[in-house]
Amino acid sequence: MKADTKVLKLVRRPAPLDAAPGVEVAELEEYHGLTRDQMLQVYRTMYLSRRLDDKEIQLKGQNKIFFQISGAGHEAILVAAGVALRPSYDWFYPYYRDRALCLQLGMTPLEQLLAAVGSDKDPASRGRQMPSHWGHKKLNIVSQSSPTGTQILQAVGCAEAGYRFELIPELKGRVLNFRDDEVVYVSLGDGSTSEGEFWEALNTACNLKLPVLFLVEDNGYAISVPVEVQTPGGDISKLVESFPNLYVESCDGTDVLASVETMRRAVHYCRERKGPALVHASVIRPYSHSLSDDERLYRSAEERVADAERDPVKRFGALLVEEDFISQDELQQLKDEVDREITEAADQAFASPQPAPETVKLYVYSPEVDPTSRDFDNEKRAKLSGNTGTMVDLINRCLHTEMARDPRIVIFGEDIADCSREQSLDKVKGKGGVFKVTANLQRKFGSARVFNSPLAEANIVGRAIGMATRGLKPVIEIQFFDYIWPAMHQIRNELALMRWRSANEWKCPVVIRVPIGGYLKGGAVYHSQSGVSTFTQIPGLRVVYPSNALDANGLLRTAIRCDDPVMFLEHKHLYRQAYNKSQYPPDDFMIPFGKAKRVREGKNLSIITYGALVQRSLVAAKQAEQQGISVEIIDLRTLAPYDWKAIVATVKKTNRVIVVHEDSLSFGYGAEIAARIADELFEHLDAPVRRVAALDTFVAYAPQLEDAILPQVADVLKAIKDLHVY
């Protein structure tokens, strides 16, 4: 039968959700709900995806591209996902096997090959990321990274942004590109279901009934580790069946028709706002994990042959011919057309220019908003008023005024709400954080904007990233710096990198508030950590560390209005000290980043410090003054960026310098400052640069041990006297 002949096919289609099962529907030129043209387009996309993989493999073998990882064997379920979802309407967090999905959504072969050659025209990253790290602003494909599973929490945050948008009346008309029935798609391999963040994402998606479609593309292997080693029982869908509000369905992901039917049901469930859905698709991996892997080392020939028999491209092509949708000759013509298109796209890609070397520093930070500029500096003209408040008081005031100013701000973390059970709010005093920093915010602004999170730090940061990419402004709290480490993947590889790796297509200006530091009796190992140098060396992340109440207020306001991710460190010992209290500044009070403060004039030597060591250095300087030594003290206030001009000025003035900080001495923050002074200001030094810091150990529980470990006034004074007589 000719391909253009109209035929009436009686087929068993999936019953409508409001109809009895088993309904037989006769439709002209339809096959399981797909028209002939759709069937041929599906095949074309699948074949195009496979041949793009083959082309890249060829180019890698010729050393014309530098990395290749294929989506071969996954094409059927991915094209089905593209059929069921809407490009530029729904939101997409794919992983590296999702070539066919991106093609179905509207990416072109040229765009994908531009990524392979590292072209400046690559829409995903402009040559900054490996190929198959998808991203496309116009299609709502959010920039993808290499760590497996980190995208899952961000997808939940993306969906949660829509959820909260509906609950916050002030956002109506202020934030664009939200749809009442949008779905957020996120895909992962079977290996990524072993990541804790997968389970954290399921928890929140099910708790809030978010419209997230989880697609698990199970090809049986995580590189060389088979699924039965990764997953108890070897079937992830059985493990998640008990999650409330979660629609779970398994399918043969190499069968196009079964995949389309399954994906349509899952998408419909999400659009109806019944909750999230998880589709577990069994697929194959006919090629090795990547060209850096050789599957023959761990997979038998029999196993690989069995996979080949399920090849979705071959199966669907054979079905089209068998069911008279297309002849064998016409199928070959279609293939030839695709092959020509790929050849032409490859030629265009190689003709596309590489990124210029001078562009490498672009988009580490926002090119539009500069928090070091005068736009954020009204410190000198600010008039203070009212009673004095502690650092806790002035941070709390800043959060109140900024939330009133900007309805996009949402605040969440562990224990930060007044009371999650709203029916009890009028019966209790309210929590408001373990240090009361967020007290009464929920009462004032409601539970849609101020809410508690699970006890899961990666969950907090990952969700915040997803919300920020949609235009919300999350100001989140990690309860103690000591427990930030589960979120390190999200901070280092996602939060700080989003703008740079997408060449400014995506951004996530999240503020992370973190209580930090020691000098609290009984804090011990896990409530006294101070490893700031771990974060100051991350490009793209601003790090702020105020030493007093007034600075905390002004710097936090700058952090919130900044367009970059900011880690805002709040020293616990300083929260309620009387010596750093202040009257209240105006509601627009801001201090720019990278502007240090001279807190004491001096002429004999300089101390460069921050945080809790500012006050200890002041006490030591006053004691040294009694011995005739004049000490100048510079409070950096922000650590990334830091005020190099202020450092230069004080070194040239006194010619002797001590860097004082709470970090451990070795590899601590002071090492960078000391090294740069020695490198660039050597001729202005009359003595070596000295450092005063914590011992290279951990903070102990016993007060006598803590005092020996952390730098004290006596340690600073000794360094002053030693350097003065050098």
Side-chain angles (χ1 to χ4, degrees), residues 364-365 370-374 376-377 379-380 530 532-533 535-539 541-548 551 554-555 558 567 569 571 591-618 620-621 624 629-694 711 715-716 719-720 722-724 726:
V364 175
Y365 301 102
D370 181 5
T372 70
S373 70
R374 293 181 180 178
F376 291 86
D377 191 354
E379 185 176 13
K380 289 184 179 179
S530 186
V532 298
S533 58
F535 296 93
T536 54
Q537 60 83 42
I538 299 176
L541 184 66
R542 309 284 193 180
V543 182
V544 180
Y545 205 144
S547 67
N548 59 78
D551 287 356
L555 289 168
T558 298
M567 179 171 286
L569 301 172
H571 201 292
I591 298 171
F593 294 168
K595 181 185 177 183
K597 183 177 183 179
R598 184 187 293 113
V599 296
R600 192 177 196 276
E601 292 276 0
K603 60 183 180 181
N604 296 136
L605 62 84
S606 302
I607 290 178
I608 299 166
T609 188
Y610 59 88
L613 268 301
V614 173
Q615 178 64 20
R616 281 165 172 72
S617 296
L618 282 168
I629 307 172
S630 176
V631 179
E632 182 155 293
I633 299 177
I634 303 296
D635 178 1
L636 290 176
R637 303 200 288 192
T638 66
L639 307 185
Y642 61 86
D643 190 343
W644 177 242
K645 289 183 179 179
I647 294 171
V648 170
T650 195
V651 171
K652 288 183 176 180
K653 177 182 178 181
T654 69
N655 310 117
R656 286 175 166 81
V657 62
I658 305 169
V659 185
V660 181
H661 61 73
E662 194 175 337
D663 260 351
S664 298
L665 180 68
S666 298
F667 317 107
Y669 183 80
E672 163 63 21
I673 304 298
R676 189 171 180 188
I677 291 171
D679 182 31
E680 299 183 32
L681 300 173
F682 182 76
E683 66 272 20
H684 300 286
L685 294 173
D686 291 338
V689 180
R690 293 291 174 86
R691 289 174 292 158
V692 175
D715 300 314
V716 180
I720 291 171
D722 289 348
L723 193 63
H724 182 253
Y726 179 85

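Quick caveat, the model's predicted, so the values are computed rather than measured. Just so it is clear, the values below take in all heavy atoms, side chains as well, and ignore hydrogens, waters and symmetry mates.
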Please confirm whether the backbone N or O of Val631 pairs with a side-chain atom of Arg600, one donor and one acceptor, at under 3.5 Å? yes

Keeping the roles fixed (side chain from Ser606, backbone from Val657), state whether a donor-acceptor pair exists under 3.5 Å. no

Tell me if a side-chain donor or acceptor on Arg542 pairs with a main-chain N or O of Ala640 at a distance below 3.5 Å. no

To the nearest 0.5 Å, tell me how far Leu723 CG sits from Asn604 CG. 10.5 Å

Using a 3.5 Å distance criterion without hydrogens, assess whether the side chain of Thr558 forms a donor-acceptor pair with backbone atoms of Ile591. yes

CD1 (Ile647) and CD1 (Ile677) are apart, to the nearest 0.5 Å, by 5.5 Å

Can you list, pair by pair, the side-chain donor-acceptor contacts under 3.5 Å of residues 680-687, counting residues two or more places apart and other chains?
residue	atom	partner	partner atom	Å
Glu680	OE2	Arg676	NE	2.9

Just to verify, what does Ser666 make a side chain to side chain contact (heavy atoms under 4.5 Å, CB included) with, not counting sequence neighbours? Asp696

Using a 4.5 Å cut-off on heavy atoms from C-beta on, say whether the side chain of Asp722 contacts that of Tyr726. no

Quick test of your reading: applying ring-ring contact (aromatic ring centres under 6.0 Å, His included), list the pairs with at least one residue in residues 630-661, sequence neighbours left out, ordered by first then second residue. none

Is the backbone N or O of Phe593 less than 3.5 Å from a side-chain atom of Thr372, with the two atoms forming a donor-acceptor pair by type? no

For Thr638 and Lys595, work out which heavy atoms get closest and say how close. OG1-N, 4.3 Å

Arg690 side chain reached by Arg656 side chain, heavy atoms, under 4.5 Å: no

By side chain to side chain donor-acceptor pair (under 3.5 Å), which residues pair with Asp643, not counting sequence neighbours? none

Do Glu379 and Asp551 come close enough that some side-chain heavy atom pair is under 4.5 Å? yes

One thing to verify: whether Lys653 and Glu632 come together as a salt bridge, which I'm taking to mean a side-chain N less than 4.0 angstrom from a carboxylate O. yes

What verdict does the side-chain contact (heavy atoms from CB on, under 4.5 Å) test give for Glu662 and Tyr545, after you've listed the backbone C-alpha separation in whole Å, the side-chain angles of each residue and the deciding distance to 0.1 Å? CA-CA 12 Å; Glu662 194 175 337; Tyr545 205 144; 4.2 Å; yes

Ile607 versus Val716: any side-chain heavy-atom pair under 4.5 Å? yes

Check whether any side-chain heavy atom of Val659 lies under 4.5 Å from a side-chain heavy atom of Thr609, and answer yes or no. no

Suppose we screen for side chain to side chain donor-acceptor pair (under 3.5 Å). Which residues come up paired with Thr536, at least two apart in sequence or across chains? none

Heavy-atom check, side chain of Ile633 versus side chain of Arg598, under 4.5 Å: no

Work out which heavy atom in Gly602 is nearest to a heavy atom in Ser630; give both atom names and the distance. CA-OG, 3.1 Å

Between Val692 and Ile658, is any pair of side-chain heavy atoms under 4.5 Å apart? yes

Could you state the interatomic distance from CZ (Arg616) to CG (Asp715), rounded to the nearest 0.5 Å? 10.5 Å

So, using side chain to side chain donor-acceptor pair (under 3.5 Å) as the criterion, who are the partners of Ser547 when residues are at least two apart? Asp635

Has the side chain of Thr654 got a donor or acceptor atom that lies under 3.5 Å from a matching backbone atom of Thr650? yes

Stepwise side-chain contact (heavy atoms from CB on, under 4.5 Å) check, Leu636 with Ile608: CA-CA 7 Å; Leu636 290 176; Ile608 299 166; 3.8 Å; yes

Counting distance only, does the side-chain N/O of Arg637 pair as donor-acceptor with the main-chain N or O of Tyr610 below 3.5 Å? no

With a 4.5 Å limit on heavy-atom distance, are the side chains of Phe535 and Val532 in contact? no

Taking every non-hydrogen atom, the tightest pair across Ser664 and Ala693: C-CB, 4.1 Å

Give the minimum heavy-atom separation between Phe376 and Pro371, together with the two atoms involved. CD1-CA, 3.6 Å

